[in-house]
There are 2 protein chains.
Amino acid sequence: MAVSRRGPRERMVFSAAQLIRRDGVAATGLRDIVEHARAPRGSLRHYFPGGKEQLVNEAVEWAGRYAAKRVARFLAEMPEPSPSRLFDAMVRQWTDEYRSAGFAAGCPVVAATVDRAGSAESTGQATAAAFAAWNRPVARALTEMGVPASRAVSLATLMISALEGAIVIARAERDVRALETVARELGPVLDAGVTPRD
Amino acid sequence: MAVSRRGPRERMVFSAAQLIRRDGVAATGLRDIVEHARAPRGSLRHYFPGGKEQLVNEAVEWAGRYAAKRVARFLAEMPEPSPSRLFDAMVRQWTDEYRSAGFAAGCPVVAATVDRAGSAESTGQATAAAFAAWNRPVARALTEMGVPASRAVSLATLMISALEGAIVIARAERDVRALETVARELGPVLDAGVTPRD
DNA sequence: CGCCCTCTATGACAGCCGTCATAGTAGCGG
DNA sequence: CCGCTACTATGACGGCTGTCATAGAGGGCG
């Protein structure tokens, strides 16, 4: 696997993101992460002297970069990009996973935001940065498709909001219905460039 | 307080919902709930023989009923109901809370969905039921406003998805921007297709 | 009174948590 | 060979978790 090619440190961050998005932050133990990453437990302290908080933060940051790269790939694979087609691709990533692998996991950034366990000031900043890192390429893509710059960021926020909400509902219902619904209902809106209220 | 008028059992469910939506399920201890509810710890086992799982499920169900009732109240207070105005009211509930009380808490149903801690089959059903209980009055309100029945459920799902996603982003950013954005961008979309007045 | 039923009090239990202390290994430059 | 650095191994620590066992109030009622 390409994964095991990476160093233990990177594997731990990756495994942390994977377990967090499945079980939540509090329910994910350091020992679980180490085992899932097939990494030596003795190295935990060495690589992450900041403890669990640091590992969680890096996992969130990793997820933000991953989502951003994913957007770029969607656009690269798209012959004639359009807002609705981009949104479709973003949604389809989740419907595909849920259909093939079940509804066990959600978005790690959402998990880290919701399950902040009270403390963790730095985790709050990490989640905000992750959402920003995700929003940025989406908004930029929209502007390149002809959406006015003033609305591009807003539409990107709407897309990500609807997607994240639908992910949660899909997990609860164990059905991709909500994901398909937001794609179907929001797609035309994104293409039309509906004039916002006064 | 009206709250302390209620029996200890109901207070525990209420406190559970309140703590879960702030810290998540796993990070919320039974002892925290009992203390927050000013309820006797000895009664926990008596009222909730199903343990934490039962208490969490009841908190989620309570939240679903609460959200449904809230929709009814929004409509009752609305002179001339419209889809966008309903959505505005739903969003404003959260912007108001965040502005006045800070970004500590989110939606308990989302927390219970994301933070399912692996097990808890019954909690999955409870969260699905809660979303359904919330969707139902929204969809019904939309049909009464002139939205075709076939699209009412879809639009309700879109509204709730966008709202929930924006709640999460707002908490991460510690800013109501995302909430205001989805209200502004989605409002006109929801009204479109509705024949204005008789 | 005595009995029952609802509710409460208290403490112990095993188990997991994140953190940390200590020791040890491998490799490399000198 | 040394010393040094990077990394790993292992186990213990206090603290918190949900669960449970046992005992005891309090009140209605015959």
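Here the structure is a predicted model, which means the values were calculated and not measured. Residue numbers start from 1 in every chain, and the chains themselves are labelled A, B, ... in the order their sequence lines are given, proteins ahead of strands.
- Screening B:Leu186, B:Leu142, B:Val189, B:Thr143 for a side chain to side chain contact (heavy atoms under 4.5 Å, CB included) involving B:Leu155 leaves a single residue, B:Leu142.
- Minimum atom distance to the side chain of A:Asp32 is reached by C:dC17, of the listed D:dT8, C:dC17, C:dA12.
- Between the P atom of C:dC7 and the CD atom of B:Glu10 lies a distance of 14 Å, rounded to the nearest Å.
- Computed from coordinates, the A:Arg31 CZ to C:dT19 P distance equals 10 Å when rounded to whole Å.
- Salt bridge annotation for A:Arg21-A:Glu97: present, with a cationic side-chain nitrogen under 4.0 angstrom from a carboxylate oxygen.
- Environment of CD in A:Glu144: crowded, with over 12 heavy atoms of neighbouring residues, nucleotides or ligands closer than 6.0 Å.
- What separates CZ of A:Arg9 from C1' of D:dA6 is a distance of 14 Å, to the nearest Å.
- Spacing between atom CZ of A:Arg11 and atom P of D:dC7 amounts to 13 Å, rounded to whole angstrom units.
- Put simply, CZ on A:Arg41 is 10 Å from C1' on C:dT19, counting in whole angstrom units.
- Under the 3.5 Å distance criterion, the side-chain polar atoms of A:Asp115 are left unmatched by any main-chain donor or acceptor of B:Gly24.
- For the pair A:Arg6 and A:Phe14, the distance from NZ or CZ to the six-membered ring centre is under 6.0 Å and the angle to the ring normal is within 45 degrees.
- Across residues 42-52 of chain B, B:Arg45, B:Gly51, B:Lys52 each have a non-hydrogen atom less than 4.0 Å from an atom of DNA chain D (numbered order).
- Counting to the nearest Å, the P atom of D:dT17 and the CG atom of B:Leu55 are 14 Å from each other.
- For B:Pro40, counting side-chain heavy atoms from C-beta on, the closest listed nucleotide (C:dC20, D:dG18, C:dA9) is C:dA9.
- The distance between atom CG of B:Asp115 and atom C1' of D:dT17, rounded to the nearest whole Å, is 14 Å.
- Rounding to the nearest 0.5 angstrom, the gap separating the CG atom in A:Asp23 from the CG atom in A:Asp32 is 7.5 Å.
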